[in-house]
Each structure stands twice: as structure tokens, then as C-alpha cells.
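It should be emphasised that the depicted structure is a prediction, and the values quoted were computed from it without experimental measurement.
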Amino acid sequence: YNPKYVNFIKSVDWLNKNATNGSLLAVDDIGILGYHYNKGKIVDALGLINPEVAEHLKRKDYNWFLDHFKPEFIVHEYPQLQKHLRGDENRFWKNYEVRKVFESRGEKIAIYQRVK
């Protein structure tokens, strides 16, 4: 098994218990999260289910995703978020904080929550 998927299962279980109904979740690896998340909608930072994202990524407009969707939660690798999901790092950390970290066999996944 891939430890990343164990972390995704733990993350989605935590979100389903702690997120409010209607919470928007942002990810770039939909898989398990898309199948099991039941508190709201999911937006995709790579454009798989939100094709308008791909055009902005192509132009390297990395801030557009969070500015446009304003997700309440993000599930992504920890501690370093990839630029396509966080945009400007200083701006990201003014608006999000780490809420929970899950680790399995050295792989870490974090749940980031919007604070503003």
C-alpha cells in the first residue's frame, strides 16, 4: 500500500467529522478524497474537475485558484505546499493555517484551514 493513501483516508475521516456542512475542499489529488468527502464540494487545483484552472496554471497565475474559489480546507503534502496550490507563500500563510497533520511511513499530509 502507499502511505499517501492511508493519510488521505485519515484526512477525509477527520474532515467528515470536523468540517461544517457546505465546506469547500481544495485538493490536487482527488482520488479517495473525492469519493469519500461528504461535507461539501471539492475543487481541483490541477484542473481535472475544474477545467478553468488549467488556463491560469498555463499562464503561471498561481494566485487565481485560491482567490477565485476561497476553499475553507486544503489537503496537501506537508510541510511544503506546491506553488500551484498555494500561490504567493506569504499571502497563503496570512489566510491559512495547519489544522491537522497525518503521517504514515514517513509520508505526511496536512489539512490547512482558512483563517480569514
Side-chain angles (χ1 to χ4, degrees):
Y1 77 95
N2 185 329
K4 180 177 180 178
Y5 299 116
V6 171
N7 290 333
F8 280 145
I9 290 168
K10 290 177 183 177
S11 296
V12 78
D13 286 346
W14 186 92
L15 284 163
N16 285 335
K17 290 175 185 164
N18 294 283
T20 59
N21 286 332
S23 294
L24 186 63
L25 172 62
V27 299
D28 72 352
D29 190 349
I30 295 172
I32 290 169
L33 295 165
Y35 187 75
H36 292 285
Y37 182 63
N38 63 24
K39 289 293 190 164
K41 293 184 179 183
I42 292 183
V43 290
D44 171 30
L46 293 175
L48 180 64
I49 60 174
N50 302 95
E52 68 271 30
V53 172
E55 188 59 38
H56 292 274
L57 290 177
K58 191 186 314 181
R59 293 191 311 247
K60 297 184 180 182
D61 181 5
Y62 300 118
N63 290 318
W64 182 85
F65 180 78
L66 293 180
D67 288 346
H68 180 75
F69 291 108
K70 295 178 175 56
E72 184 174 347
F73 294 99
I74 298 170
V75 172
H76 194 64
E77 284 85 9
Y78 178 83
Q80 187 65 38
L81 278 93
Q82 295 176 28
K83 191 169 190 165
H84 70 271
L85 192 54
R86 68 166 162 76
D88 175 69
E89 192 165 12
N90 290 329
R91 195 164 151 191
F92 177 84
W93 289 114
K94 286 180 183 176
N95 292 292
Y96 287 89
E97 66 183 9
V98 174
R99 188 75 164 90
K100 189 81 174 158
V101 176
F102 297 98
E103 182 175 2
S104 177
R105 296 173 59 189
E107 294 277 336
K108 293 181 182 178
I109 296 288
I111 296 173
Y112 302 86
Q113 186 172 14
R114 189 179 240 334
V115 293
K116 293 183 179 185

Asks: Check this for me: K70, atom NZ, are more than 12 non-hydrogen atoms of other residues, nucleotides or ligands nearer than 6.0 Å?
Replies: yes
Asks: Side chain of D61, backbone of L57: donor and acceptor closer than 3.5 Å?
Replies: no
Asks: Which atom names give the shortest non-hydrogen contact between F65 and A45, and what distance separates them?
Replies: CE1-CA, 3.5 Å
Asks: So if you build clusters from Ile, Leu, Val, Met, Phe, Trp, Tyr with side-chain heavy-atom gaps below 4.5 Å, do V101 and W93 land together?
Replies: yes
Asks: List the atom of Y37, the atom of A19, and the distance in Å for their closest heavy-atom pair.
Replies: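 For Y37 versus A19, the nearest heavy atoms are OH-CB, 4.2 Å.
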Asks: How close do K108 and E103 get, counting heavy atoms only, and between which atoms?
Replies: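 Taking K108 first and E103 second, the nearest heavy atoms are CE-OE1, 3.3 Å.
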Asks: Nearest 0.5 Å, what's the CG-CG distance between L48 and D29?
Replies: 10.0 Å
Asks: Once you round to the nearest 0.5 Å, how far does OH of Y62 lie from NZ of K83?
Replies: 6.5 Å
Asks: Answer yes if I30 and F69 sit in the same cluster of Ile, Leu, Val, Met, Phe, Trp and Tyr residues linked by side chain heavy atoms under 4.5 Å apart, and no otherwise.
Replies: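 In one cluster with I30: F69, no.
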Asks: Identify the heavy atoms of P71 and R114 that sit nearest to each other, and give their distance.
Replies: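 Taking P71 first and R114 second, the nearest heavy atoms are O-CB, 3.7 Å.
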Asks: If you round to the nearest 0.5 Å, how far is CD of E97 from CD1 of I111?
Replies: 12.5 Å
Asks: Does R99, at its CZ atom, have more than 12 non-hydrogen atoms belonging to other residues, nucleotides or ligands within less than 6.0 Å?
Replies: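 Not more than 12 within 6.0 Å, no.
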Asks: Calculate, to the nearest 0.5 Å, the distance between atoms NE2 and OH belonging to H76 and Y78 respectively.
Replies: 13.0 Å
Asks: With hydrophobic residues grouped by side-chain heavy-atom distances under 4.5 Å, do V53 and L81 end up in a single group?
Replies: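 Same cluster: V53 reaches L81 through Ile, Leu, Val, Met, Phe, Trp or Tyr contacts under 4.5 Å.
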Asks: Could you grab the distance from atom CD1 of I109 to atom CD of E77, nearest 0.5 Å is fine?
Replies: 5.0 Å
Asks: Quick check: do D28 and H84 have side-chain heavy atoms less than 4.5 Å from each other?
Replies: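 With C-beta onward as the side chain, the pair touches.
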Asks: Looking at N2 and K4, would you say the former's side chain and the latter's main chain have a donor-acceptor pair under 3.5 Å?
Replies: yes
Asks: Donor-acceptor pair, distance only, cut-off 3.5 Å: does the side chain of D44 make one with the backbone of G47?
Replies: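 Present.
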Asks: Determine whether Y112 and L25 fall in the same hydrophobic cluster, where Ile, Leu, Val, Met, Phe, Trp and Tyr are linked whenever their side-chain heavy atoms lie under 4.5 Å apart.
Replies: no
Asks: With a 6.0 Å cut-off (strictly less than), is the heavy-atom count around NZ of K100, excluding the residue itself, greater than 12?
Replies: no
Asks: Calculate, to the nearest 0.5 Å, the distance between atoms CD and CG belonging to Q113 and N95 respectively.
Replies: 12.5 Å
Asks: How close do E107 and P3 get, counting heavy atoms only, and between which atoms?
Replies: CG-CG, 3.5 Å
Asks: Taking the side chain from R86 and the backbone from F92, do they hold a donor-acceptor pair closer than 3.5 Å?
Replies: no
Asks: Has N63 got a side-chain atom pairing as donor or acceptor with D88's backbone, closer than 3.5 angstrom?
Replies: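 Here the side-chain-to-backbone pair exists.
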Asks: Quick check: is F102 connected to V98 through a chain of hydrophobic side chains (ILVMFWY, heavy atoms under 4.5 Å apart)?
Replies: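 Cluster IDs for V98 and F102 differ.
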Asks: Provide the closest heavy-atom pair for L15 versus K39 in the form atom of the first, atom of the second, distance.
Replies: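 Shortest heavy-atom separation between L15 and K39 comes out as O-CG, 3.8 Å.
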Asks: Tell me which one of I74, L46, I42, I49 satisfies side chain to side chain contact (heavy atoms under 4.5 Å, CB included) with V27.
Replies: I42
Asks: For N7, is there any backbone N or O sitting under 3.5 Å from a side-chain donor or acceptor partner on S11?
Replies: yes
Asks: For the residue pair H68 and W64, categorise the inter-ring angle as parallel (less than 30°), tilted (30 to 60°) or perpendicular (more than 60°).
Replies: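 H68 vs W64 ring planes: parallel.
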Asks: Distance-only, no hydrogens or angles: does the N16 side chain make a donor-acceptor pair with backbone N or O of H36 under 3.5 Å?
Replies: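 Checked: pair present.
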Asks: When you look at Y35 and V12, which way does the side chain to side chain contact (heavy atoms under 4.5 Å, CB included) test go after all the steps?
Replies: CA-CA 10 Å; Y35 187 75; V12 78; over 6 Å; no
